[in-house]
Visitor: 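My structure is below; once you've seen it, I'll send some questions.
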Amino acid sequence: MKRVPITGGRMVLTEDEQAIQTRHLGFTISPHEECAVEEAVRIVEAQGGEVVVLTLGPAEAEEQLRDCLAIGADRGILLRAEEEWDPQGTAAAIVDVIRGEEPFDLILFGNESADAGNYQVGIRVAYALGSPVVNGLKKIEVRDGRVRCERDVGGARDVYEVPLPAVLTTLEGLNLPRYPSVPGRLRAKSKPLAVLEPARPASKLEKLRLVVPEGQGKQAEILGSGPEAAPKVVEVMQALGVA
Amino acid sequence: MSTLVFVEPDDELSLQALAFARQLGDVKAVSVAGPYAPFAWAAAIATASGDAEAIVAAGSDRGNELLAHVAARLDQPFAANVTAVDGDVVTRIRWGGSLYEEARLHGSPRILTVAPHAHAADAQAASVPVEQLAIPTDADTTVRVLESVEEQSGGVSLRDAKVVVSGGRGVGSAEGFTVIEELAELLGAAVGCSRVVTSAGWRPHTDQVGQTGTKISADLYVACGISGATQHIAGAKGAKKILAINSDVEAPILASADYAVIGDLHEIVPAISAELRRVREA
């Protein structure tokens, strides 16, 4: 799970061009992972077990881990990293943690993070563990030591079935994540949360700087105000050949 | 730079990736047939790459997935959704295209996908011969597509619709979408919405336009009561023209829109529907 800023309408960079200026922004769980956490909680509610939530991020990512604990995860692990790590380093640190735990039946990731969008951490973890991995899922059914899952592929749904243990990566739309309840938030405060400080390896996908794309230079033409603008709107639609 | 390019048949994004790779040097285009099995397909691509200096595919769902498999297999870095290559420095998109990253790719071969619509396909790309790869006999097919179920789609598909009429937080409720649906019906348009709307449960996720929803390519996108967060614009910017209907003249959507009407969408949208009917009856 990854902590990401809620970016609003426009991105502003820090002076060193290494990050988005987040002084005035709130943070959230990257959307695909939010669905992964919800799905894990639902599976364990129905079939028993334990949900462990892991993130690699700054100390403040405890906020997002507590949000996950508030909707029903049992414990959290924070791999503290004040700077952003590259996908190989991130995957290696996650693999180290997983190897130190009792074996998991299911390991869920978002298909890609909202911010970096590197599309690979889950797949790298699967290769390191020798597990099957199915990507981009909007439906997951765990039954009798196997998982049947579905992926949208433009006009059709591809169906996969793999044995556990397995790595799965999810997309938003898999489910509608619940909001944390007040009692859930209270319970989350006393749930276990381990903080580890892994050493950062050298980046092989080494971020040099971020660049805000030039705007499209658009300044919307105001067609009018209120319902009186309707005839003008229909004229524009006719001119575009869509009315 | 000698480059191995993975292409899919009849795929515009693959042709764009091929055209992009041709700028870097010699290309060898390959594809794999049969039911999709990512571990096995990645094994075939890795084997075929030989001493290629780069491995390239389209930044599609499948291209990104397969090259991540190839990179994990070869234990090399992978840059997804690249728009430019300069030596070992790539420019790639973040936040669904709202931000660029320049990064040094410390790998050999260089493994990357090409961001959709970052580079135009050309006739030469379409005429490059494509070699069909065989799956290695010892390849792992534990993960494979068992069946592909056709979607029973009712109505206009959001992705391919000529016109999309979309509502955001400003619509106020699930019931509020009646006026959006009415206008969409008159225009033969698909109904869309922003992420706030699906998170609130007013509309299904399949209606969501955005970075984590559907990326549209309409001739006209009508954005009603949508503020224009970057997450939303990432899905809407493929539209040729954007009309924003918003009560806030300062809303960020106006910086991405071509036309705007300022005011309450609950008054304006029904007035547009009424005017369309009037014009058609006249």
Side-chain angles (χ1 to χ4, degrees), chain A residues 7-11 31-32 86 88 114-120 123-124 127 132-136 153 155-163 171-173 176 204-213 215-216 218 220-227 229-231 233-234 236-237 240-243, chain B residues 36 61 64-65 68-69 71-73 77-81 89 94-95 98-107 142-143 145-151 162-163 187 201 205-206 211-212 219-220 227-230 241 244 252 254-263 267-268 271-272 275-276 279:
Chain A
T7 54
R10 171 165 174 269
M11 304 229 179
H32 298 322
D86 85 338
Q88 276 171 289
D115 56 351
N118 283 310
Y119 289 83
Q120 57 191 273
I123 291 171
R124 289 188 187 276
Y127 271 76
V133 53
V134 191
N135 270 57
V153 286
R157 286 176 288 122
D158 280 352
V159 181
Y160 296 82
E161 191 176 309
V162 294
L171 290 177
E172 189 180 68
L176 185 58
K204 292 188 176 166
L205 180 63
E206 182 195 358
K207 178 173 69 183
L208 302 175
R209 66 176 189 128
L210 301 177
V211 181
V212 177
Q216 289 150 314
K218 278 188 186 172
E221 177 191 345
I222 309 280
L223 301 178
S225 291
V233 170
V234 172
V236 167
M237 287 175 170
L240 294 174
V242 299
Chain B
Y36 182 56
D61 290 343
N64 282 329
E65 178 182 12
H69 271 264
R73 194 181 170 86
F78 160 50
N81 291 315
V89 175
R94 287 184 167 228
W95 291 102
S98 306
L99 194 62
Y100 292 143
E101 170 189 7
E102 291 174 5
R104 182 162 283 122
L105 191 54
H106 296 268
T142 308
V143 180
V145 175
L146 297 180
E147 57 174 324
S148 201
V149 184
E150 294 289 318
E151 288 287 354
K162 287 266 181 217
V163 183
L187 293 168
H205 186 270
T206 45
Q211 187 186 339
T212 52
D219 291 338
L220 176 65
S227 67
T230 52
K241 296 286 180 188
L254 267 67
S256 299
D258 300 273
Y259 310 102
V261 178
I262 307 304
E267 296 174 4
I268 296 166
I272 297 169
E275 177 67 10
L276 272 170
V279 168

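Letters A, B, ... mirror the listed sequences (proteins, then strands); counts begin at 1. In this text, all values refer to a predicted model and were calculated from it rather than measured experimentally.
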Visitor: Measure Leu176(A) against the heavy atoms of chain B and call it side chain, backbone, both or neither at under 4.5 Å.
Guide: side chain
Visitor: For Val236(A), is it the side chain, the backbone, both or neither that has a heavy atom under 4.5 Å from a heavy atom of chain B?
Guide: side chain
Visitor: With chain A as the partner, which of Trp95(B), Tyr100(B), Tyr36(B) has the greatest number of non-hydrogen pairs under 4.5 Å?
Guide: Trp95(B)
Visitor: Check each atom of Pro252(B) against the heavy atoms of chain A and say whether the ones under 4.5 Å are side chain, backbone, both or neither.
Guide: side chain
Visitor: Measure Arg10(A) against the heavy atoms of chain B and call it side chain, backbone, both or neither at under 4.5 Å.
Guide: backbone
Visitor: Measure Leu240(A) against the heavy atoms of chain B and call it side chain, backbone, both or neither at under 4.5 Å.
Guide: side chain
Visitor: Do other residues, nucleotides or ligands put more than 12 heavy atoms under 6.0 Å from the OH atom of Tyr127(A)?
Guide: yes
Visitor: Under 4.5 Å heavy-atom distance to chain A, tell me which part of Ala71(B) shows up: side chain, backbone, both or neither.
Guide: both
Visitor: Does any backbone or side-chain atom of Glu172(A) lie under 4.5 Å from a heavy atom of chain B? Answer side chain, backbone, both or neither.
Guide: both
Visitor: Among Arg73(B), Glu267(B), His69(B), Lys162(B), which residue has the highest count of heavy-atom pairs closer than 4.5 Å to chain A?
Guide: His69(B)
Visitor: So for Ser227(B), is it side chain, backbone, both, or neither that comes closer than 4.5 Å to the heavy atoms of chain A?
Guide: neither
Visitor: Quick check on His205(B) against chain A: is it the side chain, the backbone, both or neither that has a heavy atom closer than 4.5 Å?
Guide: side chain
Visitor: Please identify, among Ala271(B), Ala103(B), Ala79(B), the residue contributing the most non-hydrogen atom pairs under 4.5 Å to chain A.
Guide: Ala103(B)
Visitor: Contact part of Val145(B) toward chain A, heavy-atom cut-off under 4.5 Å: side chain, backbone, both or neither?
Guide: both
Visitor: Sort Val233(A) into side chain, backbone, both or neither according to what part of it lies under 4.5 angstrom from a heavy atom of chain B.
Guide: side chain
Visitor: Check each atom of Val261(B) against the heavy atoms of chain A and say whether the ones under 4.5 Å are side chain, backbone, both or neither.
Guide: both
